[in-house]
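Heads up, the thing below is written out as structure tokens.
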Amino acid sequence: MKSVQVQYFALFRERAGMSHERVETDATTLLELFNQLQHRHGTADPHGHCKVALNDVMAEWQQPFADGDTVLFFPPVAGG
Amino acid sequence: MKSVQVQYFALFRERAGMSHERVETDATTLLELFNQLQHRHGTADPHGHCKVALNDVMAEWQQPFADGDTVLFFPPVAGG
Amino acid sequence: MPADLNLLPRMAITAEAIDVASLREQLFDHAAGAFVSFEGWVRNENEGKSVTRLAYEVYRPLALSIGEQIIDQTLQHVGARAALAVHREGELELGGCAVWVGVVSKHRDEAFRATRQIIDRIKVELPIWKKEFYADGDSGWVNCERCAAHGHSHAELINPV
Amino acid sequence: MPADLNLLPRMAITAEAIDVASLREQLFDHAAGAFVSFEGWVRNENEGKSVTRLAYEVYRPLALSIGEQIIDQTLQHVGARAALAVHREGELELGGCAVWVGVVSKHRDEAFRATRQIIDRIKVELPIWKKEFYADGDSGWVNCERCAAHGHSHAELINPV
């Protein structure tokens with residue numbers, strides 16, 4: 001089991017009712033972690049819509065992560 | 001013979017040493033008038049380079065003109 | 001292209017009104033013949049709904065680093081001389097300036113192209129989210145333009161939460 | 001497109017410094033989501049020669065009427081909401097703003113395209129002539145961009161008179 005810091009933004013933050021939490025997980029990829037947390041962010045499939053960052057660097061959904069990492073889940077952006 | 005007011009601009013004005021003059025002419029088109037005044041503006045062929053206006057409306061070189069008209073000869077423009 | 005102007009950082013996020021006059025002055029450059037700027041203003045209508053105000057949420061660390069990278073890549077790719085960009089966070093009223101991008105270049109084509117590329121990328125790459133508040137009392141998070149362009153259905157996401 | 005703003009005339013020629021802040025404010029419009037502006041600045045170099053200042057000669061009656069027509073046609077053609085343009089006449093120093101064009105539209109694509117079309121046409125259609133003064137003491141009338149693009153030889157015209 002790994003322990004990671006998860007941060008939720010915008011719609012995800014509102015749905016989760018929190019901006020961040022510490023999560024214990026056996027997920028190996030960021031996609032697995034995202035799916036395990038569907039009860040928080042409410043989204044079944046992030047592909048093409050949502051983005052993920054690992055320790056303040058944009059990441060791929062299939063990327064692994066390590067104990068102690070910080071994972072940021074971004075719903076579709078809309079700047080400007 | 002027709003009597004017309006001719007106005008010179010920018011390079012044409014400097015070459016002619018005047019901004020305008022009254023010209024008596026037997027020319028039938030604006031191009032003929034332009035060519036008759038080559039000793040003023042110093043340009044052999046206006047096509048594709050220079051423009052002409054008749055009574056404050058852009059005109060064609062082959063256009064005729066009438067006694068009392070005002071003719072404006074424009075060297076190549078360069079706004080902006 | 002020479003980088004005479006020392007403008008780093010070139011991407012900023014601010015909770016205050018954007019000072020467009022000051023930004024323009026920072027780009028003054030006697031070797032530049034063209035200046036193009038873009039501003040995004042809060043419009044009173046979106047997709048048929050009457051908008052009364054909006055709020056931006058920004059994740060600053062990545063918005064700043066990605067914005068800087070976008071400006072850097074665009075200047076090199078297009079060959080413009082310098083650029084600055086600022087995005088608001090927090091609440092904005094109708095008519096407010098939400099984002100400003102300015103570019104100077106020797107000739108105008110480069111300034112137009114760089115300004116367009118920078119704003120196009122800011123809108124889809126920076127971690128910034130827009131919540132619109134409507135005249136009927138509803139509110140909702142606006143989806144990214146890229147998704148809209150691809151024709152995806154985002155019914156679940158544009159509903160007010 | 002609705003024309004809520006009463007901006008006529010939209011083309012101006014001025015012998016004073018162009019007040020860009022005031023022009024921008026005239027375009028404020030709650031139905032506009034995008035504002036694009038272009039400025040032409042006096043550059044310190046042209047075609048390899050060091051420029052120290054320049055002077056514009058303008059034939060106002062036709063510059064104003066043709067400018068108005070260009071803006072009118074562009075707004076209709078592109079579908080932008082409103083536009084203003086101002087061109088300087090007389091002498092300008094390095095860095096001075098020689099021409100300003102601003103456009104507002106609902107979405108940004110229209111504002112970018114309209115601004116570009118208006119400045120492109122202003123530069124080749126308005127009866128405006130630019131005389132450059134060089135560091136070596138020479139001066140010369142600059143040829144129109146269209147002619148340059150067509151590759152015509154204008155040796156007789158760019159020589160100082």
Side-chain angles (χ1 to χ4, degrees), chain B residues 4-23 29-31 33-66 68-80, chain D residues 13 38-43 46 54-67 69-70 85 87-89 97-101 118-132 139-154 156-161:
Chain B
V4 294
Q5 177 80 3
V6 175
Q7 282 185 246
Y8 303 106
F9 294 87
L11 181 63
F12 290 170
R13 178 179 47 70
E14 290 186 351
R15 283 186 178 156
M18 63 182 76
S19 65
H20 61 277
E21 65 176 327
R22 181 152 291 277
V23 173
T29 68
L30 294 168
L31 179 59
L33 178 62
F34 185 84
N35 288 337
Q36 285 180 357
L37 293 167
Q38 188 180 343
H39 62 288
R40 297 291 202 208
H41 52 69
T43 297
D45 177 9
H47 290 103
H49 309 276
C50 309
K51 291 177 182 171
V52 59
L54 189 60
N55 303 321
D56 277 355
V57 177
M58 297 308 297
E60 301 296 324
W61 285 109
Q62 295 302 337
Q63 215 167 300
F65 59 94
D69 279 351
T70 296
V71 178
L72 315 177
F73 288 134
F74 295 157
V77 302
Chain D
I13 303 292
F38 169 83
E39 296 181 29
W41 293 349
V42 179
R43 207 176 57 222
N46 194 24
L54 55 78
Y56 286 100
E57 178 171 333
V58 180
Y59 182 61
R60 283 200 184 214
L62 268 172
L64 292 171
S65 63
I66 294 172
Q69 191 176 41
I70 288 170
H87 201 293
R88 279 291 303 275
E89 69 175 357
C97 179
V99 56
W100 184 95
V101 177
I118 290 168
I119 186 58
D120 283 358
R121 291 187 62 185
I122 281 177
K123 284 184 175 245
V124 296
E125 293 184 35
L126 267 58
I128 297 178
W129 300 272
K130 173 160 61 178
K131 189 172 195 173
E132 290 180 339
S139 63
W141 293 97
V142 178
N143 278 109
C144 75
E145 300 201 0
R146 177 178 291 167
C147 295
H150 287 189
H152 296 144
S153 166
H154 288 95
E156 61 157 336
L157 291 174
I158 58 174
N159 284 340
V161 186

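Atom set for the values below is all heavy atoms of this structure, side chains included, hydrogens, waters and symmetry mates excluded. Worth saying up front: this structure is predicted, and the values here are computed from it rather than measured. Chain identifiers are assigned alphabetically (A, B, ...) following the order of the sequence lines, protein sequences preceding nucleic acid strands; residue numbering begins at 1 within each chain.
B:M58 contributes atom CE, which lies 10.5 Å from atom CD of D:Q69 (distance to the nearest 0.5 angstrom). Atoms CD and CH2, on B:E14 and D:W129 in that order, are 12.0 Å from each other to the nearest 0.5 Å. Distance CH2/D:W141 to CZ/B:F9: 11.0 Å, rounded to 0.5 Å.
Across all non-hydrogen atoms, the minimal contact from D:E125 to B:K51 is CA-NZ, 3.9 Å. Taking each heavy atom of B:V77 and D:V124 in turn, the nearest pair found is CG2-O, 3.3 Å.
Applying the side chain to side chain donor-acceptor pair (under 3.5 Å) criterion to B:Q63, with sequence neighbours excluded, gives no partner residue. For B:N35, the side chain to side chain donor-acceptor pair (under 3.5 Å) test picks out no residue, with sequence neighbours left out.
Ranking D:V99, D:I128, D:I122 against chain B, the residue ahead of the rest is D:I128, based on heavy-atom pairs under 4.5 Å. Counting heavy-atom pairs closer than 4.5 Å to chain B, the top-ranked of the candidates D:A55, D:A98, D:P127, D:G40 is D:P127. Counting heavy-atom pairs under 4.5 Å between each of D:E39, D:K130, D:E57 and chain B puts D:E57 at the top.
Using cut-offs of 30° and 60° on the angle between ring planes, the pair D:Y59 and B:F74 is tilted.
Residue contact with chain B, scored on non-hydrogen atoms closer than 4.5 Å, involves the side chain of D:P61 exclusively. At a 4.5 Å heavy-atom cutoff, the contact between D:L126 and chain B is made by backbone atoms alone.
D:Y56 places no side-chain N or O within 3.5 Å of a backbone atom of B:A78 that could act as its donor or acceptor partner.
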